[in-house]
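Values in this document were obtained by computation on a predicted structure and should not be read as measured data. Throughout, a chain's letter reflects where its sequence line sits, starting with A, and its residues are numbered from 1.
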Amino acid sequence: MNLALRDVRRHLARFVGTAAGLGLLLSVVVAMQGIYAGMVDDATILTRAMHADLWLVQRDTRGPFAEGSRLDPSVEARAAAVPGVRTARPYTYQLIQREHRGAVMRIALVGLGWPDDPGRSLPLVRGRRLQQPHGEMIVDASLGLGIGEPLVLAGEQYRVVGLTRNALTSGGDSVAFMTVGDAELVAFDQPPEAALLERQRVVERLRRTDLGRGQPALEDLATDPRWRAPALASPPVAAVLVEADPHRIAEVRGVMRSWGDVSVYSQAEEEELLLVGVVQRARMQIGLFTVILTLTAAVIIMMVMYNLTLEKTHDLAVLKLMGAPRLRLLGLVLQQAWLLGAMGYAVAFAMGELAFPMFPRRVLITETISLVAPVATMGIVTLASILGLTHVMRIDPSIALEG
Amino acid sequence: MEDAVRAVDLSKTYGTGLAAVKALDHVTLTIARGTVAALLGPSGSGKSTLIKALGFVSPADTGEVFFEGRLVVKHGVPLADLAALRRRHLGFVFQKANLTSFLTARENVEIACEFGGKSDGRRRARELLEYLDVAGREHSYPEMLSGGEQQRVAIARALANEPSLILADEPTAALDSVRSRSVMELFRKVAHDRGAAVLVVTHDHRALEVFDVLYEMEDGRIRPHRPERSGLTAEQ
Ligand SMILES: Nc1ncnc2c1ncn2[C@@H]1O[C@H](COP(=O)(O)OP(=O)(O)O)[C@@H](O)[C@H]1O
Ligand SMILES: [Mg+2]
């Protein structure tokens, strides 16, 4: 006769209630750990997705994610010329917030070096890479846009051609990839009013100079919307991404470090900048809370299991007086604890499957979490019941005589 | 008839120094199979302590206990597996029925059969419940049973393994006199039908004629009980 199951059957409602409570508690702990893991992973996921060996950014900045970085576009060509470099591509990064279909949409716009990089390194879940230098974008699925859906940015229409999964910034915003050219169009978009005022200023500056006064035709030129001063530099990029021969990375890096206008970071260093800088405080905050929550849950689960065993003191004493073999009593307590642990974990798992995808930010159940959580749960319930049982077993069975 | 249990010179003291209480004071006692014996005496006289010593639950400090002729406990030291002895050859009935709360009446008896190594526990349990007239309640949980019914199930459980010795500590304390008497008669029936030795602790002097032997305890000492009225007439 299985005593554990009989006891469960007798106190089914209470048992199910306890399992559900345990499960909810577990799911909160797992969620918190997943939120922490998701946050740490989000922080570096975009950096990793770019598959660069070296990141060239504006000298003495920690760009392009931790702070702004403006790099002269010529760096791309210079980097490409360094022996050992396989590819060098420009990279821009900027956050925008627009309304689309009535909802606020925050997007991190990443410019990819066209034509070298049509999104080669991006993990596409649907659609395709960029195929033309203008008007196409690859967006993260979390934005909720479908393939072929048009999006108007800076007065121009962009079409979604591909979807990625989990391309997010350290702040959890979804990323959209387009060519550097398009990204710059969006970034340096000026309302017509601003353009008019800017031209007006040029005219006024001209009139204050001898050159302007001597050649009034220049004024017409300055106010012509098609005209651009040839001396104006093309817009800066945020970074240049370099891929190099694996065994020559150190050498390439040495060369670039000597350039006066760039700082060079390896992939790992760039990730480190994000982890110790951008998300440091949030990470510590959530990390600390996760630790406390986990400990609290462990203590609560232990107390629940311990008390569950103590509640059986009288029944166990009677069985012990009747001469029940120790293993039967141990079996009763342990089987029930394991059943409870397993059911609790099942509830937590189901909750996770249902609820975690609805969280606004990623809840990343890493392999470690999904492996350690059930093992730890079983360990805790086992330990607590054994503690409870040793307490019960020390009790003199003759208390059953007195009733 | 064959002895079920024999206690020789049992003594037990609870506590030390000034707080020491001599609960058993050189108690010697034999209970034969097929007899039902009563153990009388005021509260605190050591009856429960004796039951625990005879039932191998908590041994006396000194003295010997023989079970079916075999020396089992000597000076408080067990010479055999006491738990195994309890589950195979002993039956207990307590003041309160003390049934296992999460098992039905039948399962309470069945689990005792199982502990005792009986293979046909379910059938035996049914038979015993029938024998004790509670067959109709076999699927009820203890808390749904009346006090008398609970006590009957408890007796059925005590009988599960055809024990040579049944120990009952104030089994009728919670019952009215009619039920109490019927339980005492059950013990007699069990002893006589099944050849068990039965020792019943009781305060109830109304049903003493049920018993074959009467003992009385006082301050840890045991002696045969002489009913007061008959004692008086004998003396004069
Ligand atoms: N566990 C114990 N610790 C200390 N003293 C005890 C204990 N059990 C019983 N006693 C004492 O031993 C004496 C005999 O007790 P007990 O055998 O329970 O008597 P009875 O069952 O006849 O009422 C009493 O004085 C009681 O107070
Ligand atoms: Mg007593």
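Atom CD of A:Gln280 is surrounded by more than 12 heavy atoms from other residues, nucleotides or ligands within 6.0 Å. The local environment of CE in A:Met351 is sparse, with at most 12 non-hydrogen atoms from other residues, nucleotides or ligands closer than 6.0 Å. By the neighbour-count criterion of 12 heavy atoms within 6.0 Å, atom CZ of A:Phe356 is densely surrounded, having more than that number from other residues, nucleotides or ligands. More than 12 non-hydrogen atoms from other residues, nucleotides or ligands lie less than 6.0 angstrom from CZ of A:Arg361.
Within the model, atoms CZ of B:Arg106 and CE of A:Met1 stand 7.5 Å from one another, a figure rounded to the nearest 0.5 Å.
Using a cutoff of 4.0 Å between basic side-chain nitrogens and carboxylate oxygens, A:Arg6 and B:Glu110 are not scored as salt-bridged. The pair B:Glu143-A:Arg10 meets the salt-bridge criterion, since a charged nitrogen lies less than 4.0 angstrom from a carboxylate oxygen.
Both the backbone and the side chain of B:Phe102 come within contact range of chain A, judged by heavy atoms closer than 4.5 Å. A:Leu3 touches chain B through backbone and side chain together, each having a heavy atom under 4.5 Å away.
Under the side chain to side chain contact (heavy atoms under 4.5 Å, CB included) criterion, A:Glu271 pairs with A:Thr44, A:Thr47, A:Arg48, A:Gln267, sequence neighbours left out.
Across all non-hydrogen atoms, the minimal contact from B:Ala112 to A:Met322 is CB-CE, 3.6 Å.
Considering only heavy atoms from C-beta on, A:His314 stays 4.5 Å or farther from B:Ser101 through its side chain. The shortest side-chain heavy-atom distance between A:Asp7 and B:Thr100 does not fall under the 4.5 Å cut-off.
Residues of residues 327-342 of chain A having a heavy atom under 4.5 Å from any heavy atom of chain B, listed by number: A:Arg328, A:Leu332. Contacts from residues 67-86 of chain B to chain A, taken as heavy-atom pairs separated by less than 4.5 Å, involve B:Ala83, B:Arg86 in sequence order.
Applying the salt bridge (charged side-chain N to carboxylate O under 4.0 Å, His left out) rule to pairs touching residues 146-161 of chain B yields B:Arg137-B:Glu149, sequence neighbours excluded.
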